[in-house]
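Worth knowing before you read on, the calculation uses all heavy atoms, side chains too, and leaves out hydrogens, waters and symmetry mates. Here, residue 1 is the first one in the sequence, and each next residue gets the next number.
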Amino acid sequence: MSLTFKPRPRGGRWPVALAWLATLLLVLAAALMGGAGPAYRMEWLTLGQSFSLLHRGALLAVGAAGVAALAFLIAGLCRRGKPALASLLMIGAVVAMVAQPLQLRELARRVPPIHDITTDLADPPAFEALAEARREAPNALDYPRAFAEAQRSGYPALGPLEIARPLPEVRDAAEALARARGWTIAAVSERRLEAVATTRWFGFEDDIVIRLTPTPAGTTVDMRSASRLGRSDLGTNAARIQTFLEDLTARLSA
């Protein structure tokens with residue numbers, strides 16, 4: 001009786017072991033990066049600790065990509081198709097994972113480092129119902145005048161919305177649109193609306209006030225959106241105002 005032995009794969013266990021190591025590092029990186037926001041939101045960590053966790057997760061992801069690249073190289077030299085494919089998938093997953101943080105970092109360099117945006121720089125809408133919440137927050141209650149020039153240069157097209165509709169109709173449409181966005185309505189009066197928008201990941205709270213002024217031609221809509229925490233909002237508040245006013249116009253024009 002003759003015995004046949006299965007030949008040992010080229011490269012031995014190294015391609016598979018390295019691919020598994022890359023997978024383990026990627027899972028740990030995803031856990032750290034994905035858990036940073038919820039950990040802060042549930043008050044398990046401070047904001048600084050959460051950002052540190054996010055940074056460590058990103059470093060682990062880069063390490064996973066390095067190990068996966070090594071595994072791909074060895075698997076390719078040894079003509080091991082499955083480990084090579086697995087390593088390539090790991091590299092793609094790392095690229096997808098770190099793409100958004102890198103985009104945010106690049107965005108932070110392009111937008112003004114401010115967190116309070118208004119359509120009326122001369123007379124910004126004031127917070128009333130949300131005044132106490134903003135007094136307790138790190139960022140100022142009143143619009144910082146030092147932000148005006150940065151806002152002009154960073155968001156030159158941002159300004160009041162002039163719409164040929166009666167004020168009650170505009171107010172109702174604005175309230176409906178705010179609720180549809182999931183904002184928490186703090187107060188609604190004849191000419192004002194105040195609300196809070198909460199981010200999904202970290203649970204950051206941004207305060208919003210909409211001021212309506214009747215005109216002979218219809219209604220002027222002014223808006224202000226301000227973060228409670230942080231120096232730069234990465235353009236979030238300006239984008240929120242711009243898209244809201246565009247959607248309000250579309251809603252009233254339909």
(request) Begin from the C-alpha positions of T243 and R181 and carry the test side-chain contact (heavy atoms from CB on, under 4.5 Å) through to its verdict. (result) CA-CA 11 Å; T243 56; R181 276 167 154 71; 3.7 Å; yes

(message) Is there a side-chain contact (heavy atoms from CB on, under 4.5 Å) between W183 and V196? Walk through the geometry before answering.
(response) CA-CA 5 Å; W183 298 350; V196 179; over 6 Å; no

(message) For a side chain to side chain donor-acceptor pair (under 3.5 Å) check, start with the C-alpha distance between N237 and S227, then their side-chain angles and the critical distance, and finish with the verdict.
(response) CA-CA 8 Å; N237 289 301; S227 303; 3.0 Å; yes

(message) Using side chain to side chain donor-acceptor pair (under 3.5 Å), reason through S225 and R240 one step at a time and then give a plain yes or no.
(response) CA-CA 8 Å; S225 183; R240 178 181 293 120; 2.9 Å; yes

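Contact check for L121 versus Q151: side-chain heavy atoms found under the 4.5 Å cut-off. A 4.5 Å side-chain heavy-atom check between R171 and L193 finds every atom pair outside the cut-off. Side-chain contact between D123 and R211: present, with at least one pair of heavy atoms (C-beta onward) separated by less than 4.5 Å. With a 4.5 Å cut-off on side-chain heavy atoms, I185 and R179 count as touching. At least one side-chain heavy atom of L158 sits under 4.5 Å from a side-chain heavy atom of I117. Proximity of V221 to L212: side-chain heavy atoms (C-beta onward) are separated by under 4.5 Å at one or more points. In this structure the side chain of Q242 never reaches within 4.5 angstrom of the side chain of Y155, judged on heavy atoms. Using a 4.5 Å heavy-atom threshold, the side chains of D222 and T118 count as separate.
The main-chain N or O of D172 is never found under 3.5 Å from a side-chain atom of E175 such that the two would form a donor-acceptor pair. Of the possible donor and acceptor atoms, none in the side chain of T198 sits under 3.5 Å from a partner among the backbone N and O of G203. Panel note: side chain R110, backbone L234; no donor-acceptor pair is recorded below 3.5 Å. A distance-only check finds a donor-acceptor pair linking the side chain of E194 to the backbone of L130 [under 3.5 Å].
Salt bridge annotation for D120-R224: absent, with no cationic side-chain nitrogen under 4.0 angstrom from a carboxylate oxygen. The pair D206-R228 does not meet the salt-bridge criterion, since no charged nitrogen lies less than 4.0 angstrom from a carboxylate oxygen.
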List the atom pairs, donor and acceptor, that lie under 3.5 Å between side-chain atoms in residues 51-73 and the rest of the protein, sequence neighbours left out.
none

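Heavy atoms from other residues, nucleotides or ligands lying under 6.0 Å from CZ of R145 number more than 12.
Here the options are L252, I210, T220, L161, the test is side-chain contact (heavy atoms from CB on, under 4.5 Å), and the partner is V170; only L252 passes.
Looking at residues two or more places apart in sequence or on another chain, you find a ring pair (Phe, Tyr, Trp, His ring centres under 6.0 Å) between F204 and Y40, F202.
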